[in-house]
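One structure below.
Bear in mind that the values here come from a model prediction, so they are computed numbers and not experimental data. Just the heavy atoms: all of them, side chains too, but no hydrogens, waters or symmetry mates, feed the values below.
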Amino acid sequence: MLRSPFFYFIILLFLFSCKEKKHLNTNKESIRKEASSLRNKAIENYNKQNFNTSFYQFYKSKKLYETLKDSANIGYILIEMASIQQVNGDYYGSKETVTEALLYVKKKSIYTASINNILGIADKELTLYDDAIFYYKESAKEYIDPIEKLNPLSNIGPVYIQLKKYDKAISLLESLLSKKIVKEKADILSVSRLLDNLGYAYFKKGMDEKGFYLMNKALQTRNKLKDYYGSIESYLHLADYYAKKDIQKSNENALAAYNAATKLNSVDERLEALQILISNDHSAKNSTYVQRYFTLNDSIIKVRNNFKNKFAKIKYDSKKEKDENAKLRLEKAENLLSLQKDKYLRIVFVIVFVFLVILIAILIRYYKNKNRAIEFKTSYNTETRIAKKIHDELANDVFHVIAFAESQPLSKESTKENLLQKLDDIYGRVRGISRENNKIDTGIDFTNRIKEMLSTYNTPERNIIATNIESINWEIIDDIKKITISRILQELMVNMKKHSKANLVLIKFESDQKSILINYTDNGKGSEKTKMVKNGLQNMENRIQAVKGTIDFDTEPDKGFKAKISIPK
């Protein structure tokens with residue numbers, strides 16, 4: 001009976017796969033030894049803080065354990081890889097890695113407890129505080145030893161403080177300190193950490209005397225035990241405590257935190273200390289700490305980005321090697337097929353190719369239509385805003401000028417000068433509206449145009465500082481998003497000029513694999529959120545939503561104004 005060539009093709013592939021399986025079984029023991037050796041070397045390098053080498057060895061070991069289907073080792077390795085990513089600031093990457101680890105570990109185990117704790121740390125650093133609390137609680141549930149539960153539970157206290165839920169923080173930390181097992185078995189450093197956070201929560205709630213007593217007690221214990229790393233947090237809390245009471249003492253504690261963090265190479269704490277020193281002195285003279293802050297911040301961003309790029313390259317190289325091996329196996333199988341099979345493959349290839357061409361054409365058309373819709377909406381909003389601005393700011397003034405010209409004797413020199421001054425004022429505002437809404441250069445001079453626009457708001461009394469704008473690969477960002485970013489920055493500047501009376505404005509650009517991040521901070525007068533002027537802010541929100549981004553505002557009276565912007569690439 002005559003059979004289809006595909007039948008023989010399937011038989012050949014089946015025989016080939018059996019041969020491969022037999023070969024793998026023969027070498028199973030040698031693969032396990034190699035995987036184990038790589039894992040042990042990775043652990044050794046991790047302890048030596050050779051994180052790049054450790055990550056590479058863990059990844060290679062994981063790939064070998066995958067061929068053995070050794071779930072326990074794969075789960076363990078992924079957890080260690082996620083820890084390395086967190087050390088280097090790649091919190092999104094670490095979440096992705098531990099999420100993969102969940103597929104390989106048993107539920108309700110020490111592994112899932114570690115995974116949830118790592119997820120909690122990542123979300124705390126990413127300011128996803130509610131998610132962080134959830135994962136810390138899940139981690140505590142899965143630890144059996146009460147002392148082991150202490151670590152994730154104590155992590156919840158600082159998160160509650162960040163959320164300004166001071167009563168919850170106090171209740172939690174006091175309950176932990178009152179536990180009998182904590183008093184009997186917890187080490188003194190863990191207790192000092194609890195006391196410091198409890199004191200800080202009391203201070204934030206307004207109970208200054210009690211808060212200071214506990215924070216100071218924790219600092220004395222830490223210094224006595226030479227817990228230099230723990231003392232950094234104590235100094236930072238005390239610097240915050242003195243910020244509105246005694247600027248000199250606040251600066252002393254901030255400098256103590258900065259010096260200790262410098263010795264221990266703890267960059268994030270150094271940045272936090274510099275932020276306090278900058279905020280304590282709002283004068284334009286305070287350039288030393290500002291420059292030191294941005295130099296340090298730019299340096300750590302470069303280092304962390306280098307680690308992220310190396311990690312991505314390790315994964316890419318491993319995938320490329322796997323793809324090349326798969327290609328070689330496929331070529332071996334193809335050499336065993338007849339010419340008839342090649343003919344069928346070509347037919348299938350043509351069908352797939354045509355399908356892909358049609359699919360690509362449909363996707364291109366879809367995205368073009370989508371972009372047109374976004375452009376139309378943005379254009380409509382802009383036209384509406386311009387019309388409102390002309391009506392609100394210019395129409396009444398023009399009417400008054402006409403009335404003035406009709407009612408006053410224009411032969412008088414003083415009347416002429418008054419009329420010319422009014423007309424010049426209207427002309428200046430028309431130019432301002434035109435400049436705010438003129439065409440934006442999205443080409444190679446985009447960054448220069450942004451800098452020029454921001455520089456127009458610099459004055460002898462006001463300093464505008466923008467960092468990291470050149471570190472972003474603007475060539476891959478489409479024009480609509482560039483225009484959106486430019487307009488939002490312009491509106492932030494206008495809002496700052498009209499309302500905040502700031503003398504220092506910081507704009508920091510950052511980028512991850514998926515988004516462009518812009519952090520805006522000024523030291524202006526701020527306001528209550530419920531009383532914020534809505535027009536300019538609403539325009540910003542509408543623009544951001546049009547490109548599927550997000551914007552969050554944070555402001556309080558006498559505490560400046562902050563905005564966090566995220567735009568997908």
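- The distance from atom CD1 of Ile485 to atom CD1 of Ile516, rounded to the nearest 0.5 Å, is 4.5 Å.
- A heavy-atom distance below 4.5 Å is found between the side chains of Tyr520 and Phe561.
- Considering only heavy atoms from C-beta on, Gln85 comes within 4.5 Å of Phe55 through its side chain.
- For the atom pair Leu454 CG and Ser486 OG, the distance stands at 8.5 Å (nearest 0.5 Å).
- With Thr555 contributing its side chain and Gly526 its backbone, the two residues share no donor-acceptor pair below 3.5 Å.
- Using a 4.0 Å cut-off between charged side-chain N and carboxylate O, Glu44 and Lys48 make a salt bridge.
- The backbone N or O of Phe58 lies less than 3.5 Å from no partner atom in the side chain of Ser61, so there is not a single donor-acceptor pair.
- No side-chain heavy atom of Ser37 sits under 4.5 Å from any side-chain heavy atom of Asn40.
- Side-chain atoms of Asp478 come within 3.5 Å of backbone N or O of Lys481 as a donor-acceptor pair.
- For NZ of Lys33, the number of neighbouring non-hydrogen atoms (other residues, nucleotides, ligands) closer than 6.0 Å is 12 at most.
- Between Phe509 and Trp474, the ring planes are perpendicular. Angles over 60° get that label, and only those under 30° would be called parallel.
- Residues Ser94 and Asp90 are not in side-chain contact: their nearest non-hydrogen atoms beyond the backbone lie 4.5 Å or more apart.
- The backbone N or O of Leu517 lies less than 3.5 Å from no partner atom in the side chain of Lys508, so there is not a single donor-acceptor pair.
- The backbone N or O of Met453 lies less than 3.5 Å from a partner atom in the side chain of Thr456, making a donor-acceptor pair.
- When the options Ile115, Ile74, Thr97 are evaluated for a side chain to side chain contact (heavy atoms under 4.5 Å, CB included) with Ile79, the one that passes is Ile115.
- Minimum interatomic distance between Ile472 and Ser511 (heavy atoms only, all atoms of both residues): CG1-CB, 4.0 Å.
- The pair Lys141-Glu138 counts as a salt bridge, with a side-chain nitrogen and a carboxylate oxygen less than 4.0 angstrom apart.
- Within the 4.5 Å cutoff, side-chain heavy atoms of Ser83 are placed close to those of Ile118.
- To the nearest 0.5 Å, atoms CD1 (Ile565) and CD1 (Ile488) are separated by 5.0 Å.
- When all heavy atoms of Ile77 and Tyr65 are compared, the closest pair comes out as CD1-CD1, 3.7 Å.
- Residues Lys41 and Thr53 bring no donor and acceptor atom of their side chains to less than 3.5 Å of each other.
- Rounding to the nearest 0.5 Å gives a distance of 9.0 Å between OG1 of Thr467 and CG of Asn519.
- Looking at Ile477 and Ile567, their side chains never come closer than 4.5 Å, going by heavy atoms from C-beta outward.
- A salt bridge links Lys62 with Glu66: at least one charged nitrogen is closer than 4.0 Å to a carboxylate oxygen.
- Between Met81 and Tyr59 the shortest heavy-atom distance is CE-CD1, 3.5 Å.
- Here Asp479 pairs with Thr442 under the side-chain hydrogen bond (donor to acceptor under 3.5 Å, both in side chains) rule; sequence neighbours left out.
- Residue Asn458 comes nearest to Ile464 through the heavy atom pair OD1-N, 2.7 Å, listed as atom of the first residue, atom of the second, then distance.
- Residues Leu78 and Val98 form no side-chain contact, since every pair of their non-hydrogen atoms from C-beta on lies 4.5 Å or further apart.
- Interatomic distance, CD1 of Ile110 versus CG of Asn117, reported as 11.0 Å (0.5 Å rounding).
- Note that CD of Glu125 is 4.0 Å distant from OH of Tyr91, once rounded to the nearest 0.5 Å.
- Annotation: side chain of Asn116 is not in contact with side chain of Pro152 (no heavy-atom distance under 4.5 Å).
- For CD1 of Ile444, the number of neighbouring non-hydrogen atoms (other residues, nucleotides, ligands) closer than 6.0 Å is 12 at most.
- The nearest pair of heavy atoms linking Ile43 to Tyr76 is CD1-OH, 3.4 Å.
- Electrostatic pairing of Lys164 and Glu556 counts as a salt bridge here, judged by a charged N lying under 4.0 Å from a carboxylate O.
- For Lys95, the salt bridge (Lys or Arg N to Asp or Glu O under 4.0 Å) partners two or more places apart in sequence, or in a different chain, are Asp123.
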